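Remember, it's 1-based here, ligands and their atoms both numbered in the order they're listed. None of these values were measured; they are calculated from a predicted model.
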Amino acid sequence: RILELLLAPYDRERQGGVLVVIHDVTEQHKTEEMRREFVANVSHELRTPLTNIRSYAETLVDNAGDLPPEMEKRFLGVILNESDRMTHIVQDLLTLSRFDSGHSELKLAPFSFSEAVRDVYNANLMEAQRHNHTVRLQTEPDIPQIVGDRERIVQVMMNVVSNAIKYTPDGGKIHISAGRMGDRVWMEVADNGIGIPAADRPRIFERFYRVDKARSRESGGTGLGLSIAKEIVDRHHGLISLVDRPGPGLTVRIELLVEGPSHETH
Ligand code: ADP
């Protein structure tokens, strides 16, 4: 623990003495440490694409007219990709900062959970096919409507499903299932991909945490997706977690309250 000690002369009715105030500042230090780490991460993540953009642009300028057209095109492609990546990072950061500052209200309304799951499945089919993945969808028949911010919840589901596609080698299997359990609905996304080593599992909902930075970058990842997902699910008083399951790959589970966050009793 980190303690802050404050000493002050104490002179009540001239008896003299010293006043000692002990403050436990462990939490403050942790928050401050996390903030510093976050700023360092942001700077690093933005600097990498900027450096790439600069060096490719510089090469194009220095060799204007001398480079073979296909090389020019490839360099311009890198510049476009890197600026797209920066846009994604900035968008994700804005989303997080709106959450942090409390400026992002949830738009709560009833909607069909199973329809949302189906929409997410459909939206990802093309990308999954591009990687030769087999995607199976299995939903229980009696899933009720739930109260929540549909757009945000779909964002969470999209993130988890697109991760399953990204982190599974071509020709993999992805299983999306959903159902009801008491006052909750759940969705699970299971893949047979590269999985996450036990040591990294507790950390993957942290901002910028990535098991393999190079791989994540290559596939357009920012390392912010799951932390945003967790933020959204937390605000709904739901749960997002990794399921302990033997075998290769990863299973992510999302649970949400049927009645929505405002009706939570505990
Ligand atoms: P990213 O933008 O890097 O995909 P996320 O926050 O969505 O960031 O995920 C954090 C990290 O968790 C990823 O970089 C990856 O290392 C790991 N991860 C997420 N989903 C999976 C999965 N289905 N299989 C293996 N690793 C995964």
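Between K166 and ligand 1, a contact under 3.5 Å exists for at least one N or O pair. In terms of N/O distances under 3.5 Å, ligand 1 is not approached by R210. Considering backbone and side-chain N/O atoms, G223 comes within less than 3.5 Å of an N/O atom of ligand 1. For the pair S227 and ligand 1, the shortest N or O to N or O distance does not fall below 3.5 Å. Distances between N or O atoms of L250 and those of ligand 1 include no value under 3.5 Å.
Shown here for A178 and V117, the closest heavy-atom pair between the two residues is CB-CG2, 4.1 Å. Scanning all heavy atoms of the two residues, the minimum distance from T168 to H133 falls at O-CE1, 3.2 Å. The shortest non-hydrogen separation linking R207 to S227 is CG-OG, 3.6 Å.
With Y167, F205, F208 as candidates, the residue nearest to atom 21 (C) of ligand 1 on a non-hydrogen basis is Y167.
Only the side chain of N159 comes within 4.0 Å of ligand 1, judged by heavy-atom distances. The part of D191 lying near ligand 1 is the side chain, judged by heavy-atom distances below 4.0 Å. Heavy atoms of L226 found under 4.0 angstrom from ligand 1 belong to the backbone as well as the side chain.
Classification of the Y56-F75 ring pair by plane angle, with boundaries at 30° and 60°, yields perpendicular.
Counting protein heavy atoms only, atom 7 (O) of ligand 1 is closest to N163 ND2, 2.9 Å. From the protein, the heavy atom lying nearest to atom 3 (O) of ligand 1 is S216 OG, 2.5 Å. At the shortest separation from atom 10 (C) of ligand 1 among protein heavy atoms lies Y209 O, 3.3 Å. The nearest heavy-atom contact from the protein to atom 16 (O) of ligand 1 is V211 N, 3.0 Å.
Listed by atom number, the atoms of ligand 1 under 4.0 Å from I196 heavy atoms are 17 (C), 18 (N), 25 (C), 26 (N), 27 (C).
Residue contacts with ligand 1 include A164, since one or more of its heavy atoms lies under 4.0 Å from the ligand.
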Under the salt bridge (charged side-chain N to carboxylate O under 4.0 Å, His left out) rule, what do R1 and E27 come out as? Steps first, then yes or no, please. CA-CA 9 Å; R1 305 211 73 84; E27 280 310 309; 5.1 Å; no

Between E58 and R54, is a salt bridge (charged side-chain N to carboxylate O under 4.0 Å, His left out) present by the stated rule, with each step listed? CA-CA 6 Å; E58 205 170 42; R54 192 167 199 298; 2.9 Å; yes

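Using modelled atom types and a 3.5 Å distance limit, the side chains of Y167 and D212 yield no donor-acceptor pair.
Under 4.0 Å is where a charged nitrogen must lie from a carboxylate oxygen, and between E45 and R210 at least one such pair does. One finds no salt bridge joining K30 and E33 here, because no Lys/Arg side-chain nitrogen approaches an Asp/Glu carboxylate oxygen to under 4.0 Å. Looking at R235 and E105, no side-chain N of the basic residue comes within less than 4.0 Å of a carboxylate O on the acidic one, giving no salt bridge.
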